[in-house]
Amino acid sequence: MAAIQDVRFEHYRPENTLGVDETKPRISWKYNAESVFHQRSYNIEVAENATFDRASLLGSINVTSSSSHLVRWPLDQPLRSRQRVFVRV
């Protein structure tokens with residue numbers, strides 16, 4: 001099984017994601033697997049807090065793709081100024 005790691009907005013490192021300039025930032029991630037792993041699809045969830053409970057979930061998307069580098073923003077609505085979100089792949 002693979003573990004997702006190093007989720008990023010655009011080219012920002014995680015410690016520099018406060019104040020991202022893009023309103024629909026692209027998302028990238030890496031994965032760590034003990035054996036050969038080929039991604040066939042992904043699911044991205046965006047929430048207002050790190051619990052990802054129903055009340056805080058802003059949306060999610062399932063995509064059949066092997067892409068994991070600079071994939072499009074998963075929501076129709078862009079980020080608002082000073083809006084804080086959490087992303088889970």
Side-chain angles (χ1 to χ4, degrees):
M1 182 168 190
I4 302 296
Q5 60 186 30
D6 197 21
V7 177
R8 295 182 181 206
F9 290 109
E10 294 294 334
H11 297 285
Y12 295 96
R13 294 198 173 279
E15 62 272 9
N16 296 327
T17 56
L18 189 62
V20 173
D21 290 331
E22 293 79 9
T23 58
K24 288 190 171 187
R26 297 170 296 174
I27 301 169
S28 298
W29 61 91
K30 295 179 183 176
Y31 38 85
N32 185 9
E34 294 178 15
S35 60
V36 177
F37 174 79
H38 299 286
Q39 175 182 299
R40 294 185 184 152
S41 64
Y42 60 85
N43 174 272
I44 298 177
E45 297 176 319
V46 181
E48 292 179 323
N49 65 50
T51 64
F52 287 88
D53 59 15
R54 279 192 134 168
S56 71
L57 193 63
L58 298 172
S60 66
I61 187 171
N62 292 306
V63 178
T64 302
S65 172
S66 61
S67 295
S68 63
H69 183 70
L70 297 174
V71 301
R72 71 176 190 82
W73 181 244
L75 304 179
D76 290 333
Q77 66 272 21
L79 291 172
R80 298 181 315 273
S81 179
R82 299 185 183 264
Q83 183 179 14
R84 178 175 283 191
V85 297
F86 296 82
V87 173
R88 179 166 62 184
V89 179

Next on the checklist: Please give me the minimum heavy-atom distance between Lys24 and Glu10, naming the atom from each residue.
Outcome noted: O-OE2, 4.4 Å
Item to check | Considering all heavy atoms, the nearest Pro74-Ile27 contact | outcome: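 Nearest heavy atoms, Pro74 then Ile27: CD-CD1, 3.8 Å.
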Checklist entry - Listed by chain and number, what are the ring-ring contact (aromatic ring centres under 6.0 Å, His included) partners of Trp29, not counting sequence neighbours? => result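 Trp29 satisfies ring-ring contact (aromatic ring centres under 6.0 Å, His included) with Tyr42 once adjacent residues are dropped.
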Next on the checklist: Going by the rule ring-ring contact (aromatic ring centres under 6.0 Å, His included), which residues pair with Phe86 if we only count those two or more places apart in sequence or in a different chain?
Outcome noted: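 Not a single residue meets the ring-ring contact (aromatic ring centres under 6.0 Å, His included) criterion with Phe86.
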Next on the checklist: side-chain contact (heavy atoms from CB on, under 4.5 Å), that's the test. Do Thr23 and Trp73 meet it? Break it down for me.
Outcome noted: CA-CA 9 Å; Thr23 58; Trp73 181 244; over 6 Å; no
Checklist entry - Would you call the rings of Phe37 and Tyr31 parallel, tilted or perpendicular if under 30° counts as parallel and over 60° as perpendicular? => result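 Ring orientation of Phe37 relative to Tyr31: perpendicular.
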Next on the checklist: I need the Arg26 CZ to Arg8 CZ distance, nearest 0.5 Å.
Outcome noted: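 Between atom CZ of Arg26 and atom CZ of Arg8 there are 13.5 Å.
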Checklist entry - In terms of heavy-atom contacts, does CD of Glu34 have more than 12 from other residues, nucleotides or ligands at under 6.0 Å? => result no
Checklist entry - Residues in salt bridge (Lys or Arg N to Asp or Glu O under 4.0 Å) with Glu48, at least two apart? => result none
Next on the checklist: Run the salt bridge (Lys or Arg N to Asp or Glu O under 4.0 Å) test against Lys30 and tell me which residues pass, sequence neighbours left out.
Outcome noted: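 With neighbours one apart ignored, the set is Asp6.
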Item to check | Qualifying salt bridge (charged side-chain N to carboxylate O under 4.0 Å, His left out) pairs with a residue from residues 73-89, counting only residues at least two apart or across chains | outcome: Glu45-Arg88
Item to check | Side-chain donor or acceptor of Thr64 paired with backbone N/O of Ser41 under 3.5 Å | outcome: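 No, because the side chain of Thr64 does not come within donor-acceptor range (under 3.5 Å) of the backbone of Ser41.
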Which pairs of donor and acceptor atoms, one on a side chain in residues 52-63, lie under 3.5 Å apart (sequence neighbours left out)?
| from | atom 1 | to | atom 2 | distance (Å) |
| --- | --- | --- | --- | --- |
| Asp53 | OD1 | Ser56 | N | 2.9 |
| Asp53 | OD1 | Ser56 | OG | 2.8 |
| Asp53 | OD2 | Thr51 | OG1 | 3.4 |
| Ser56 | OG | Asn49 | OD1 | 3.3 |
| Ser56 | OG | Asp53 | N | 3.4 |
| Ser56 | OG | Asp53 | O | 3.2 |
| Asn62 | OD1 | Asn43 | ND2 | 2.4 |

Next on the checklist: For residues Leu70 and Val7: do they belong to one hydrophobic cluster (side chain heavy atoms under 4.5 Å, members Ile, Leu, Val, Met, Phe, Trp, Tyr)?
Outcome noted: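 No; Val7 is not reachable from Leu70 via cluster members.
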Item to check | Trace of the side-chain contact (heavy atoms from CB on, under 4.5 Å) decision for Val85 with Leu75 | outcome: CA-CA 12 Å; Val85 297; Leu75 304 179; over 6 Å; no
